[in-house]
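Reviewing the structure listed below.
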Protein chains: 2
Amino acid sequence: MANTTNLSKATAVRQRAVTMKDVAIHAGVSRTAVSFVLNNRQDASISEDTRARIKDAVQALGYRPNAGARALASQRSDWYGIVTEIVTAPFAVDTIKGAQDQAWLDRRFLLIAPSDQADAVGPNKGMEDAAIEKLLEQRVEGLLYAATFHRGVHVPQSAHEVPTVLINCFDLDGKLPSIVPDEHGGGRVAIARLLKAGHQRIGVINLDPIIPASVGRLAGAREALAEAGLELDPELVVTGHATADGGYDAACQILDRYPEKDRPTALFCLNDRMAMGAYDAIKERGLRIPEDIAVIGFDNQELIAAYLRPKLTTVALPFQKMGALGVQTLAILTAGQSIVANQQLVDCPLLERSSV
Amino acid sequence: MANTTNLSKATAVRQRAVTMKDVAIHAGVSRTAVSFVLNNRQDASISEDTRARIKDAVQALGYRPNAGARALASQRSDWYGIVTEIVTAPFAVDTIKGAQDQAWLDRRFLLIAPSDQADAVGPNKGMEDAAIEKLLEQRVEGLLYAATFHRGVHVPQSAHEVPTVLINCFDLDGKLPSIVPDEHGGGRVAIARLLKAGHQRIGVINLDPIIPASVGRLAGAREALAEAGLELDPELVVTGHATADGGYDAACQILDRYPEKDRPTALFCLNDRMAMGAYDAIKERGLRIPEDIAVIGFDNQELIAAYLRPKLTTVALPFQKMGALGVQTLAILTAGQSIVANQQLVDCPLLERSSV
DNA sequence: ATCATCTAGTTGCGCGCGTTACTAGATGAG
DNA sequence: CTCATCTAGTAACGCGCGCAACTAGATGAT
């Protein structure tokens, strides 16, 4: 009979799928017995013998459970949803990856909804709402809401209907728990690394000073300097546009402003794209990295950091970890338990390459 | 009553969801009537009056259809699955994006399954099988199987149980339809662009010469040259490791091998990462881009191409388009119709920036 | 011999929905 | 008045499954 099954499977593709009932008939038991065996229920008593017969039947028929029907009957879907900008964001994929892997471990499925514009005020706001709506129609048990740069957000109302965890952003108007990078610690570790290498005069290429990334990283930098008895010279902090060009311009400013002896010996770039531009400015002036000027970045944007020459030492944004932690947090919340902290910080580790 | 609903929604989060039955009772009709209205069935006759009452009830109660139950009853899920390496691949996200958007337009949902190793012989092969298995358990109606670089693959047997379309790869042992970039045309357009700018002596930084990308792009390059009455000088084709370092080394070879007058005036780099390294080699020699040496890349790896200085002119791999086309093809196949060609080529358009 | 307990299952309900078949009442033709 | 036809719905089944409640037979204690 296994024969005919294989045959029919090979010839006619669009056949009615094998159900538990088929398995039950094949094994000569009731459908319930099959269910018990497949779900490994301890309270039911099925002899080893029939248990084996059932498993054989499953194999022989190529039975595959119907996840939708199971969800319907059991009133739980084992699905989480994640909504995030997907393509505009080089980082989104890391968050997804982290969440996906963790979900996989927990035997859960991650539904990914597109949100071209996670920004709460954008013109595509409607799309984001629709995306969440779709996820809720799939009866996801929890939601992950991920931003591509650390910021405060307003989360659509519908997201409050199931447990929701914010990743790389925080709830501006509510109580939703969030997971964000420890920008402060990242700033510290970057500066600490430079200090350890003997640098005392450090230039900083800053981001827009009002965003959390800038605030946190600079505070951390100051703290690390203070511990070494140093201060951050405001003149050495230049704000640049968050691109390679911006980094180039800012680096030029810093490098050209001082005579060689007063020139900073290291640059802390608050993101890797700006570091990429800074590299150009440095090389253009005939200076070597890291011998003449050390450079340290932030973000660990793989495509940049790992391919710059020399490879860029940088502080990593822990997107994968945040994604995984998001799923873990969701697991706690959907289990009805409560979590300890409303905001969880995740370490930003230093990645040593060759630019310091 | 809208009041109490809102209230209960706000206070008790984990409430039984509103079902069609609730809507029916609220509107004073049968559940069937609700179903007819929601599905806009033409054959059923419901008066405008009750139709409105039902829609009001849907609004008032905040009814949201249960996608799983609907799938179960209607025997169609409106879901497609996509399996692809997700994080190892900077491109995967573009494919997903394209597919996702198209699916969204078609009112379908895209389930994304992780596959750390889409390679058919890798150690994680089991995971890929498991991923497909999971997708089939969700009763996806079709599968997209996407690779991160153009190559031949062996697709797991289970993927043959539903319509499957390969993206950026082709089926080594079967009949599965595939969608791949037009490497040949891309090579042509790159060289044509350089010719148009007056370059006659063109260096090529090649990839591993046996992969489809290399074969196709070089053939296209030769064709474009031939049309201009030129030939590709084999000496000017250097194979490099597909990284920035590899591009740097290859560029150095090409640049240092000839006296200035015989030096190529343009470099065609078969991927953007190698172009990134080539930039370094060129700048190191005091040469300017594009005045002294023009550079054209391939892939359009945004983070690189758009942030190099000068910005890199490159040929784009049409991942989004391939993803979208994949979904469209799947729609045809799942509708039971057959498609024209077993292999569809997608244009690789030239992206003009500033390096030519 | 009687009754309780245990083993190895089975019967049957309901999850939320799509869908087919049916029906009660209104309308019109003869 | 009778019968056919149309309008505006409704009753009921089944999708595949989980699960609570039940049962037939075997075993053991009294």
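With hydrogens and angles ignored, a donor-acceptor pair closer than 3.5 Å exists between the side chain of A/Thr32 and the base of C/dT11.
Residues B/Asp171 and B/Lys175 are not paired through a salt bridge, judged by the lack of any N-O separation under 4.0 Å between the basic side chain and the carboxylate. A salt bridge links B/Arg76 to B/Asp78: one of the charged nitrogens lies within less than 4.0 Å of a carboxylate oxygen. In summary, A/Arg108 and A/Glu141 engage in a salt bridge, as defined by a charged side-chain N under 4.0 Å from a carboxylate O. Comment: A/Asp129 does not engage A/Lys134 in a salt bridge, judged by the lack of any side-chain N to carboxylate O separation of less than 4.0 angstrom.
Nearest to the side-chain atoms of B/Met20 among the listed nucleotides C/dG18, D/dG16, D/dG18 stands C/dG18. Considering only the side chain of B/Ser35, C/dT19 comes nearest among C/dG16, D/dT10, C/dT19. Proximity note for A/Pro65 (side chain, C-beta onward) versus C/dG9, D/dC17, D/dC15: the nearest is D/dC17. The side chain of A/Gln75 has C/dC15 as its nearest neighbour among C/dC15, C/dC17, D/dC19. The side chain of A/Ser45 approaches C/dT7 more closely than any other nucleotide in the set C/dG16, C/dT7, D/dA20.
Using a 4.0 Å heavy-atom distance criterion, A/Thr19 is classed as a sugar-phosphate-only contact.
Atom P of nucleotide D/dC19 and atom CZ of A/Phe36 are separated by 8 Å, given to the nearest angstrom. For the pair B/Asn66 CG and C/dG18 C1', the computed distance is 13 Å after rounding to whole Å. Distance B/Leu72 CG to C/dG14 P: 17 Å, rounded to the nearest Å. One atom, NZ of B/Lys21, and another, P of C/dG18, lie 16 Å apart when rounded to the nearest Å. For the pair A/Glu48 CD and C/dT7 C1', the computed distance is 14 Å after rounding to whole Å. Distance CD1 (A/Ile25) to P (D/dC17): 13 Å, rounded to an integer number of Å. Whole-Å rounding puts the A/Arg31 CZ to D/dG16 C1' distance at 7 Å. In this entry the distance linking CZ of A/Arg51 with P of C/dG9 reads 9 Å, nearest Å.
Where B/Arg70 and A/Ser47 meet DNA chain C, the nucleotide closest to each residue was compared, and A/Ser47 sits on the side nearer the 5' end.
Close to D/dG9, at under 4.0 Å from its OP1 or OP2, lies a side-chain N or O of B/Thr50. For B/Ser74, no side-chain nitrogen or oxygen approaches OP1 or OP2 of C/dG18 to under 4.0 Å.
Enclosure of atom CD in B/Gln343 by more than 12 non-hydrogen atoms of other residues, nucleotides or ligands within 6.0 angstrom is indicated.
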